[in-house]
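Okay, so here's the structure we're looking at.
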Amino acid sequence: MAKSMDFCVFSVLVTGSDRGIGLGLVKRFLELPSPPKWVFATTLDLQGEGTKEVKEMACRYPNLVLLQLDVTILESIQAVLKEVERCVGDGGLTLLINNAGRWFFENLEKENAKDMQTLYSINTIGPLQMSQAFLPLLKKAARNSPMQGLNTSKAAIINISSSLGSMEVMLIWEKAQVVSYRCSKAALNMLTKCQSLEYSKSGILTVAIHPGLVNTANNRYPEITVEESTKGIVTVLSTLSEKDNGTFLDWLGHCVPW
């Protein structure tokens, strides 16, 4: 696997990047030997206590732009789109990472419509709406890139999924049934497949990635650190090509069964 130090993108937007995996990904991109000209980090609440670290980073890195975003509200998405468009101009958006997500620790007996609707809205519909809104900028990046085929240095959508959404793996079922979360991620995997079939015509790569069971505030069963996960993800991103379009990979680049 090629090293991520060779990875170079013009611009990247990471949703849900004020903490956890999203914040880790922003750090990894800023640490690259040739960092993106533009790194867009988004948070649900710009005034929240959790934004302290990313705000401090934005003061240190002139290429980091922090934006308020609710992926469930079209007006919020459009406001972010306008700001990103103003920054990137004709360069377009190289990489859209749909990371914002949520989960509830409910078992099958206690699962309910309200929680399931909430998670579908954030985990599945959010990535759909973000990808639709930013499609023109992704297409612009693909058109203006000198690179051939499909790859993440040209134009790509990366959906942060989970092996909990794999119907074959059914990861940690005995510990956490989290039914609404599993269903929303299984649906995200199907969305990824659909996007890969349609958007590849415009030179845009689409891949779903399982980041691992990461040690974040919301995970009761961590196996790896945020740094391990995000370093792995960026390395995987640096190696993706046309053969990976529409696949489901983990943070080490291994295929995950649907």
Side-chain angles (χ1 to χ4, degrees), residues 1-15 21-22 24-26 28-29 32 34 36 92-101 123-124 127-128 130-132 134-135 137-169 171 185-214 224 228-258:
M1 184 178 288
K3 294 182 179 180
S4 57
M5 66 175 62
D6 303 322
F7 193 28
C8 184
V9 299
F10 170 70
S11 57
V12 57
L13 187 157
V14 185
T15 66
I21 296 167
L25 286 170
V26 167
R28 301 294 86 78
F29 278 104
L32 288 174
S34 298
L93 180 65
T94 311
L95 194 53
L96 170 62
I97 302 181
N98 288 312
N99 167 73
N123 298 350
T124 311
L128 167 69
M130 284 293 295
S131 301
Q132 289 174 327
F134 283 86
L135 184 60
L137 288 185
L138 289 160
K139 286 182 175 180
K140 185 176 287 187
R143 284 196 305 269
N144 292 339
S145 173
M147 306 190 78
Q148 299 299 310
L150 301 177
N151 59 75
T152 46
S153 292
K154 181 177 181 179
I157 296 170
I158 305 300
N159 294 322
I160 301 299
S161 185
S162 172
S163 284
L164 274 74
S166 165
M167 287 184 276
E168 183 174 335
V169 174
L171 189 66
K185 290 299 187 178
L188 178 62
N189 290 343
M190 175 56 82
L191 174 64
T192 302
K193 197 69 177 180
C194 294
Q195 291 174 329
S196 72
L197 295 173
E198 183 64 22
Y199 295 162
S200 59
K201 303 171 187 175
S202 300
I204 301 167
L205 173 78
T206 311
V207 172
I209 289 186
H210 166 56
L213 297 178
V214 182
I224 58 173
E228 288 173 318
S229 171
T230 53
K231 279 186 175 180
I233 290 171
V234 172
T235 299
V236 171
L237 294 183
S238 71
T239 68
L240 296 179
S241 63
E242 197 145 353
K243 64 179 175 56
D244 302 300
N245 188 45
T247 58
F248 185 14
L249 307 173
D250 69 11
W251 80 103
L252 296 174
H254 302 142
C255 282
V256 181
W258 297 111

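- Shown are S161, S166, S162; of these, the side-chain hydrogen bond (donor to acceptor under 3.5 Å, both in side chains) with N189 is made only by S161.
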**Request:** Check the pair M190 / T124 against side chain to side chain contact (heavy atoms under 4.5 Å, CB included), numbers first and verdict last.
**Result:** CA-CA 10 Å; M190 175 56 82; T124 311; over 6 Å; no
**Prompt:** Please walk me through it: do W251 and H210 pass side chain to side chain contact (heavy atoms under 4.5 Å, CB included)?
**Reply:** CA-CA 6 Å; W251 80 103; H210 166 56; 4.3 Å; yes
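- The minimum heavy-atom distance between L138 and L93, with the atom names listed, is CD2-O, 3.2 Å.
- Taking OG1 of T206 as the start and CG of L197 as the end, the distance is 9.0 Å to the nearest 0.5 Å.
- In this structure, CG in L191 is found 12.0 Å from CG in N123, a value given to the nearest 0.5 Å.
- Across S200 and L150, no two heavy atoms sit closer than the pair CB-CD1, 3.9 Å.
- Rounding to the nearest 0.5 angstrom, the gap separating the CZ atom in F7 from the CG atom in L240 is 8.0 Å.
- Here the OG-CD1 distance, from S229 to I224, works out to 4.5 Å after rounding to the nearest 0.5 Å.
- Judged purely by atom type and a 3.5 angstrom limit, S145 has no side-chain atom pairing as donor or acceptor with the backbone of A142.
- You'll find the side chain of L237 reaches within 4.5 Å of the side chain of L95, heavy atoms only.
- Using a 4.5 Å heavy-atom threshold, the side chains of Y199 and K139 count as separate.
- T192 is not listed as a side-chain neighbour of F248, based on a closest heavy-atom distance of 4.5 Å or more.
- At a threshold of 4.5 Å between non-hydrogen side-chain atoms, the residues T152 and L205 count as touching.
- The pair E228-K231 fails the salt-bridge criterion, with no side-chain N (NZ, NE, NH1 or NH2) lying under 4.0 Å from an Asp/Glu carboxylate O.
- Formation of a donor-acceptor pair under 3.5 Å by the K140 side chain with backbone atoms of L135 is not found in this model.
- Between the side chains of Q195 and N159, at least one donor N or O sits under 3.5 Å from an acceptor N or O.
- Residue N151 comes nearest to S153 through the heavy atom pair OD1-N, 3.0 Å, listed as atom of the first residue, atom of the second, then distance.
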**Request:** Give the C-alpha distance, both sets of side-chain angles, the deciding distance and a yes or no for side chain to side chain contact (heavy atoms under 4.5 Å, CB included) between L213 and L171.
**Result:** CA-CA 10 Å; L213 297 178; L171 189 66; 3.9 Å; yes
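- The side-chain heavy atoms of L249 and V236, taken from C-beta on, include a pair separated by under 4.5 Å.
- Shown here for S163 and V169, the closest heavy-atom pair between the two residues is O-CB, 4.3 Å.
- Not one N or O on the side chain of K154 forms a donor-acceptor pair closer than 3.5 Å with the backbone of A141.
- Scanning both residues, E242 and G149, for their nearest heavy atoms gives OE1-CA, 3.4 Å.
- Using a 4.5 Å heavy-atom cutoff, the side chains of I97 and T15 are not in contact.
- Contact check for L188 versus P127: side-chain heavy atoms found under the 4.5 Å cut-off.
- In this structure, the side chains of I233 and P211 come closer than 4.5 Å at one or more pairs of heavy atoms.
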**Message:** Please evaluate residues N98 and S131 with respect to the criterion side chain to side chain contact (heavy atoms under 4.5 Å, CB included), reporting the C-alpha separation (whole Å), side-chain torsions for both, the decisive distance (0.1 Å), and the verdict.
**Reply:** CA-CA 8 Å; N98 288 312; S131 301; 3.3 Å; yes
